[in-house]
There are 2 protein chains.
Amino acid sequence: MGDAQPGLWTRSRQRVYAEITAVAMELFLTNGFEQTTIDEIVVAAGISRRSFFRYFGTKEDVVLGHFIADGAVIRDQLEQRPDGEGPWTALRGAIFALDEGADDERLLAVSRMMYQTPSLRARSIEKHLHWYDDLVPEVQRRLGGQADSALQARAIVGCIITCLDIAGEAWSVDDGVEPLRNYFDAALDAIRRPLETPAGPSAAPDA
Amino acid sequence: MGDAQPGLWTRSRQRVYAEITAVAMELFLTNGFEQTTIDEIVVAAGISRRSFFRYFGTKEDVVLGHFIADGAVIRDQLEQRPDGEGPWTALRGAIFALDEGADDERLLAVSRMMYQTPSLRARSIEKHLHWYDDLVPEVQRRLGGQADSALQARAIVGCIITCLDIAGEAWSVDDGVEPLRNYFDAALDAIRRPLETPAGPSAAPDA
DNA sequence: GCCAAGGTGGCACTTAGTGCCAGACTGGCA
DNA sequence: TGCCAGTCTGGCACTAAGTGCCACCTTGGC
C-alpha cells in the first residue's frame, strides 16, 4: 500500500477480484506458480493477506477460478441441444460452444502452467468433479431411463471430461498449432471407435 | 514415546512403514482423515514428526501409498496379455488381474474415505496421472502406429482410469453389494457401446 | 448526524512440510 | 577389540497455506 491508491477498497468486489487475478497471473507467468507466494501477490495487489483469502479459498483458485462456472455453462448448452442427439453428440456440441469466444492466447498460457504444476492439475481435476452434478442429470435423461443409467451417465460424462483434459494437454504441449477442438475430436474418436482395430490388413478384432 | 518401546528404530524400514500405516489408518477410520493430525499419528506410532515425513511425503500418501505402485503392476499384466487383444480388452484384463487378491473389506473402507475427502480424492487422481507413463507406451504399441496414436493411447488409458474411478465410487457408495468388476464392466460398456442407443423402440441414433 | 452492515487490515494461531544438525545405531575392517 | 563410515533418528527452527477473531473504517439508510 505504498502507492497512491484512492481506494482499492471502495471499488466493487468484482473489480477487486479481477485486479487480484491480473496481478497474480502476471506473477505466476513471470516467476512460476509454485515459486510465487501469496505474500508477494498481496503486496503487489495492495491488499492484506487476510483479504486475499476472502476472495480466493486457495492459491490455485486464482488460476482456476474462471473454470469453476464452466460446468454450469456446459449444462446450459447441453440442455439446448435437440432431443434427437444422443449424449455423446450433445455433450460434444455443448463443449464446442464453450470453446467459442475463448481467449486462446491466455488459455494457452494458463494451460501450460496447469499441466506443468501438479497441485494445479490436481485442483483442476477436482473442479471437474463438480461438473458431474451439472451434467449427469441431462445425460441420464438422454439415456432414456435404462438400467444402471446413473452409472452409465457418470461414465460418459467422466470420459468426455477426460478427453477434454487430454486434448487440452496435447494442445498446450503443441503450443496450439491446431485448434483445441481438433485434439478433442481426435481423443473422442479414439474412444468411440468401433471394436475392430481399423489399421493394418486383417487386424485382430478387439474383443 | 512414553511407553516401553524396546526400539521401533531398530526394526526394518518396511516394518516401520507398515506400523505407521496401520496406526494412522485406525485413527483415520475412527476420527476421519481431515480431523486426524500428523502429530496425533506420530504420538500414537511412537516416532518423531520428522521421521514421519521420511516415510511419507504427505498425509495423503499414508492412505494412497499402496496404490502408487499399481500403475507398474497393471503395466506388467498388460504386457503379458496376448498380442491378439486390442487395447481395450487387454487393459480390462490387466485391471481385473489387479483386482484379484484384494482385501475388499479394507479397500471398501479406504474407498469410502477417499470419495468423501476432497484432498484425498485429488491426490488419488494425481497418482493416477502417473499411470499414463506406465500404460501409454504399451497401448500405443497395440494401436499399431496409427497417426496420432500418442493422443489416442492417452485418451484410451485416461478413459479406462476414469471408468475405474467411477466404478470404485459406485461400488463404495453401494457398500460393495456387487463385486467391483461388475461396476467397472458396466461403466466400460456405457463408453464402448455402439453409437445407436439400443434401448426403446426406434431410438434415435447418436450421430 | 446517528446507526447498522459489510468490507478491511492486523494479529495470533493451527497445520503441513522442509532444512539442518547432532546423536545413536549398524556393519565392515584392521 | 576398537575404529570408522553410512544410515536412521529426534529435535529445532523455519516457511507457507489457511482460519478465527477483533477492531476499524467506509458506506448507505433513516
Side-chain angles (χ1 to χ4, degrees), chain A residues 1-21 23-24 27-28 31-65 117-124 126-127, chain B residues 1-21 23-24 27-28 31-65 117-124 126-127:
Chain A
M1 308 205 312
D3 287 353
Q5 283 165 347
L8 188 61
W9 321 321
T10 66
R11 300 173 205 172
S12 77
R13 187 168 178 84
Q14 209 166 356
R15 176 142 187 81
V16 177
Y17 182 95
E19 184 139 349
I20 299 176
T21 300
V23 169
L27 286 173
F28 290 156
N31 307 326
F33 179 80
E34 290 175 318
Q35 283 67 41
T36 305
T37 178
I38 292 181
D39 284 329
E40 292 172 336
I41 299 171
V42 156
V43 170
I47 58 169
S48 76
R49 175 183 172 71
R50 195 64 191 83
S51 282
F52 174 88
F53 284 109
R54 288 198 180 93
Y55 286 91
F56 302 96
T58 68
K59 197 171 75 169
E60 285 77 19
D61 287 353
V62 180
V63 179
L64 303 172
T117 311
S119 73
L120 265 180
R121 183 84 187 267
R123 188 83 180 172
S124 163
E126 205 183 334
K127 299 277 180 206
Chain B
M1 310 203 308
D3 287 354
Q5 280 163 350
L8 188 62
W9 320 322
T10 67
R11 300 170 204 172
S12 77
R13 186 168 179 84
Q14 208 166 356
R15 176 141 188 83
V16 177
Y17 182 95
E19 185 139 347
I20 298 176
T21 301
V23 169
L27 286 172
F28 290 156
N31 307 326
F33 179 80
E34 288 174 321
Q35 283 66 41
T36 304
T37 178
I38 292 182
D39 283 330
E40 293 172 336
I41 300 171
V42 155
V43 170
I47 58 168
S48 75
R49 177 183 172 69
R50 196 62 192 82
S51 281
F52 174 89
F53 284 110
R54 288 197 181 94
Y55 286 91
F56 303 96
T58 69
K59 196 170 77 169
E60 286 76 19
D61 287 354
V62 179
V63 180
L64 303 173
T117 309
S119 73
L120 263 182
R121 184 87 188 265
R123 187 82 180 174
S124 162
E126 208 182 331
K127 299 278 179 203

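Below, chain A is the first sequence line, B the second, and so on; all start at residue 1.
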Note to self: In this structure, how many angstroms lie between the C1' atom of C:dG7 and the CD1 atom of A:I20, rounded?
What the structure shows: 12 Å
Next item on the list: Output the distance between atom CZ (B:F56) and atom OG1 (B:T21), rounded to the nearest 0.5 Å.
Entry: 3.5 Å
Checklist line | Contact letters for nucleotides 13-21 of chain D, in which S counts primed atoms plus P, OP1 and OP2 and B counts the base, heavy atoms under 4.0 Å | finding: ---SBBBBB
Next item on the list: Compare side-chain N and O positions of B:S48 against OP1 and OP2 of D:dG11 and report whether any pair is under 4.0 Å apart.
Entry: no
Notebook entry, point to check: Tell me: CZ of A:R15 to P of C:dG7, nearest whole Å?
Noted result: 18 Å
Checklist line | Whole angstrom value for the distance that separates P of C:dT26 from CZ of B:R13 | finding: 16 Å
Checklist line | Rounded distance (nearest 0.5 Å) linking atom CZ of B:R121 with atom CG of B:L64 | finding: 11.5 Å
Check: Is the phosphate of C:dT8, meaning OP1 or OP2, less than 4.0 Å from a side-chain N or O of A:Y55?
Finding: yes
Checklist line | Distance (rounded to the nearest 0.5 Å) between A:K59 NZ and A:R123 CZ | finding: 12.5 Å
Notebook entry, point to check: Who pairs with A:T37 by side-chain hydrogen bond (donor to acceptor under 3.5 Å, both in side chains), at least two apart in sequence or on another chain?
Noted result: none
Item checked: Between B:E34 and B:S119, a side-chain donor and acceptor under 3.5 Å -> no
Note to self: Just verifying a value: how many Å separate A:F28 CZ and A:L120 CG, rounded to the nearest 0.5 Å?
What the structure shows: 7.5 Å
Notebook entry, point to check: Expressed in angstrom and rounded to an integer, what is the separation of B:I47 atom CD1 from D:dG11 atom P?
Noted result: 11 Å
Margin query: What is the distance, to the nearest angstrom, from the OH atom on A:Y17 to the P atom on C:dG7?
Written below: 16 Å
